[in-house]
Amino acid sequence: MATYIVLLGPPGAGKGTQAKLIAEKLGLAHISSGDLFRENLKAQTELGILAQSYMTKGELVPDDVTIAMIRDRLSRPDCAQGALLDGFPRTPAQADALATMLASLGGSVKCVPLIAVPAAVLIERLSGRWSCRAAGHVYHEKFNPPKQAGICDLDGSELYQREDDKLETVQNRIAVYERQTAPLIEYYRQRGLLVEVDGARPIEEVGADLLAVVTR
Ligand code: ADP
Ligand code: ADP
């Protein structure tokens with residue numbers, strides 16, 4: 001049966017960093033809703049243009065379009081073994097929709113690791129984040145620098161700082177997380193799926209804990 005895992009945590013917790021590593025190790029598709037929106041924006045699709053106005057303000061894109069985008073993504077062949085969801089769901093309505101989608105695929109969420117990191121650390125992480133243009137690989141100028149400044153180690157593409165990683169927008173994204181996404185902690189705890197991992201440690205240590213959680 002396919003394995004579906006939801007990575008939960010505030011912006012900057014390390015979801016993308018860890019999801020890429022774990023998805024590869026477990027042979028699961030990595031589904032990042034933020035990356036999907038950014039790809040749509042780059043291609044100037046209708047969805048990308050709609051999402052942009054929300055993303056630049058650090059607000060959530062409306063549930064209906066976000067849910068439709070993930071439903072389409074989950075139906076693709078590379079999700080046959082399952083998927084690691086990074087950045088989705090972000091509201092209780094999205095979580096309900098995910099449960100329905102997975103049920104129709106004959107599956108369900110296996111576990112929900114929460115990467116817990118204090119707000120002050122998040123701001124430091126996001127202000128030093130550099131992302132690659134080609135595939136969204138993430139670096140940090142201090143905590144995880146690329147071998148050559150400005151260039152992705154993995155695919156040689158250019159690294160850039162996201163527009164929504166500026167301080168003002170980051171503060172709003174953290175507030176939006178607290179208001180709209182943090183309720184999912186209780187949502188998944190009540191369903192017996194939540195496992196908290198201390199994310200305020202080096203990338204390798206957090207990764208080792210996460211791997212233990214998702215493979216047990
Ligand atoms: P998210 O997807 O949750 O927003 P990212 O994976 O993009 O988070 O990480 C945010 C920033 O923090 C990136 O610059 C990344 O390199 C850095 N980072 C991720 N995990 C750690 C960690 N455990 N310690 C220090 N920096 C980290
Ligand atoms: P981070 O990695 O810092 O948590 P993401 O790349 O996941 O940020 O998301 C960037 C932006 O994309 C969000 O601020 C929001 O506007 C939009 N977005 C991503 N996922 C969702 C979602 N599940 N629901 C609504 N909006 C989303």
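Each ligand, and each atom within it, is numbered from 1 in the order the structure gives.
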With heavy-atom distances below 4.0 Å as the criterion, list the atoms of ligand 2 near [X].
X: P11; value: 3 (O), 4 (O)
X: T66; value: 22 (C), 23 (N), 24 (N), 25 (C)
X: S33; value: 19 (C), 20 (N), 21 (C), 23 (N)
X: R173; value: 1 (P), 3 (O), 8 (O)

*Contact (N/O only, under 3.5 Å) between V61 and ligand 2*: yes
Less than 4.5 Å apart, any side-chain heavy atom of [X] and any of [Y]?
X: Y4; Y: L74; result: yes
X: T66; Y: F88; result: yes
X: I67; Y: M101; result: yes
X: V206; Y: D198; result: no
X: V109; Y: L102; result: yes
X: L60; Y: V176; result: yes
X: S131; Y: Y160; result: yes

Just which atoms of ligand 1 are under 4.0 Å from any heavy atom in [X]?
X: A13; value: 3 (O), 8 (O)
X: P202; value: 23 (N)
X: R201; value: 22 (C), 23 (N), 24 (N)
X: V138; value: 6 (O), 7 (O)
X: Y139; value: 13 (C), 14 (O), 16 (O)
X: F143; value: 25 (C), 26 (N)

Starting from [atom], find the nearest protein heavy-atom neighbour and note its residue, name and distance.
atom: atom 6 (O) of ligand 1; answer: T17 OG1, 2.6 Å
atom: atom 20 (N) of ligand 1; answer: I203 CG1, 3.6 Å
atom: atom 2 (O) of ligand 1; answer: G16 N, 2.9 Å
atom: atom 4 (O) of ligand 1; answer: G12 N, 2.8 Å
atom: atom 17 (C) of ligand 1; answer: H140 CB, 4.0 Å
atom: atom 27 (C) of ligand 2; answer: F37 CE1, 3.6 Å

Counting heavy atoms only, which of [options] is nearest [atom]?
atom: atom 8 (O) of ligand 2; options: Q94, Q180, M55, R162; result: R162
atom: atom 13 (C) of ligand 2; options: R129, R90, M69, K15; result: R90
atom: atom 15 (C) of ligand 2; options: E59, R125, K57; result: E59

Give a yes or no on whether a salt bridge exists between [X] and [Y], defined as a side-chain N under 4.0 angstrom from a carboxylate O.
X: R189; Y: E186; answer: yes
X: R129; Y: D164; answer: no
X: R125; Y: D165; answer: no

*Would you mind telling me if ligand 2 is within reach of the side chain of L60, the backbone, both or neither, using heavy atoms under 4.0 Å?*
both
*Is it the side chain (CB and beyond), the backbone, both or neither of R38 that lies under 4.0 Å from ligand 2, heavy atoms counted?*
side chain
*asked:* Check whether N40 reaches the backbone of L36 with its side chain - one donor and one acceptor, N or O, closer than 3.5 Å.
replied: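 Yes: the side chain of N40 pairs with the backbone of L36.
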*Between S33 (side chain) and G87 (backbone), is there a donor-acceptor pair under 3.5 Å?*
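Yes, because the side chain of S33 sits within donor-acceptor range (under 3.5 Å) of the backbone of G87.
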*With a 4.0 Å cut-off on heavy atoms, is Q52 touching ligand 2?*
no
_Atom CD of Q161: over 12 foreign heavy atoms under 6.0 Å_ = yes
*Give yes if a backbone or side-chain nitrogen or oxygen of L126 is under 3.5 Å from a nitrogen or oxygen of ligand 1, and no if not.*
no
*Single hit among V214, I5, D78 for side-chain contact (heavy atoms from CB on, under 4.5 Å) with L28*: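 When V214, I5, D78 are each tested with L28, the side-chain contact (heavy atoms from CB on, under 4.5 Å) holds only for I5.
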_Derivation and outcome, side chain to side chain contact (heavy atoms under 4.5 Å, CB included), residues M69 and D72_ = CA-CA 5 Å; M69 174 178 80; D72 172 67; 6.0 Å; no
*Does P10 approach ligand 1 within less than 4.0 angstrom via side chain, backbone, both or neither, non-hydrogen atoms only?*
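Under 4.0 Å from ligand 1, P10 contributes backbone atoms alone.
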